[in-house]
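Just so you know, these numbers come straight off a predicted model, no measurement behind them.
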Amino acid sequence: MKLADLVQSADWKAEKHVPVIEAPDKVKAGEKVTVEVCVGKEIAHPNTTEHHIRWIKLFFKPDNAKFAYEVAAFEFTAHGESTDGANKGPVYTEPVAKAVVKLNAPGTFVAEAYCNIHGLWEGSKAISVEE
């Protein structure tokens with residue numbers, strides 16, 4: 001079995017687990033650009049002690065390259081846990097993160113997200129680079 005066999009994908013507008021990547025369609029080479037990734041954009045994902053998004057990883061694969069590069073890894077570690085019991089805690093982290101990057105080649109961002117109940121999910125977004 002391969003890890004890729006465990007990763008699920010779907011249209012993020014209909015499936016709450018798919019990570020959504022927001023970035024421009026086109027950027028200038030070497031210019032700073034903000035990339036936002038979230039889970040639950042169209043349909044809210046639960047954020048409870050029992051059911052939550054634990055982490056999101058963001059990768060970039062240049063069009064003419066064999067391998068992807070890890071851009072960022074985000075952990076979401078507070079889900080209402082408390083000594084008073086589940087979902088009674090004072091803080092909940094939402095699965096939303098931003099990274100600022102500079103690109104020198106066109107390619108595709110790929111985000112992987114992990115739901116503690118429903119496993120691994122991925123989403124992607126192509127981006128072009130002009131000189």
In chain order, what residues pass the side-chain hydrogen bond (donor to acceptor under 3.5 Å, both in side chains) check against Thr48, with sequence neighbours excluded? Glu50

Nearest 0.5 Å, what's the CH2-CG distance between Trp55 and Leu120? 5.0 Å

Once rounded to the nearest 0.5 Å, what's the spacing between atom NE2 of His118 and atom CD1 of Ile53? 10.0 Å

State, to 0.1 Å, how close Pro106 and Ser128 come at their nearest heavy-atom pair, and which atoms those are. CB-CA, 4.0 Å

Considering only residues two or more places apart or on different chains, which pairs with a residue in residues 80-110 satisfy ring pair (Phe, Tyr, Trp, His ring centres under 6.0 Å)? Phe60-Phe109

Kindly work out whether a path of hydrophobic side-chain contacts (I/L/V/M/F/W/Y, heavy atoms less than 4.5 Å apart) joins Val71 to Ile127. yes

Flag yes if Val101 and Ile21 sit in one hydrophobic cluster, no otherwise; membership is Ile, Leu, Val, Met, Phe, Trp, Tyr, and two members link when side-chain heavy atoms are under 4.5 Å apart. yes

What closest approach, in Å, do Ala113 and Ile56 show between heavy atoms, and which atom pair accounts for it? CB-CG1, 4.0 Å

Which atom of Thr108 lies closest to which atom of Ser124, heavy atoms considered: CG2-CB, 3.9 Å

Validation: residues 24-39 side-chain donor-acceptor distances under 3.5 Å, sequence neighbours left out:
residue	atom	partner	partner atom	Å
Asp25	OD1	Lys125	NZ	2.5

Should the pair Trp121 and His17 be assigned to parallel (<30°), tilted (30 to 60°) or perpendicular (>60°) ring geometry? parallel

side-chain hydrogen bond (donor to acceptor under 3.5 Å, both in side chains) contacts touching residues 56-80 (sequence neighbours left out): Asn47-His79

How many angstroms lie between atom NE2 of His52 and atom SG of Cys115, to the nearest 0.5 angstrom? 8.0 Å

Distance from Leu58 atom CG to Lys98 atom NZ, nearest 0.5 Å? 14.0 Å

May I ask you to list the residues sharing a hydrophobic cluster with Val96, side-chain cutoff 4.5 Å, ordered by chain and number? none

Side chain of Asn87, backbone of Thr49: donor and acceptor closer than 3.5 Å? yes

Are His51 and Asn116 side-chain neighbours, meaning at least one heavy-atom pair lies under 4.5 Å? yes

Among pairs that include at least one residue of residues 108-117, which meet salt bridge (charged side-chain N to carboxylate O under 4.0 Å, His left out), considering only residues two or more places apart or in two chains? none

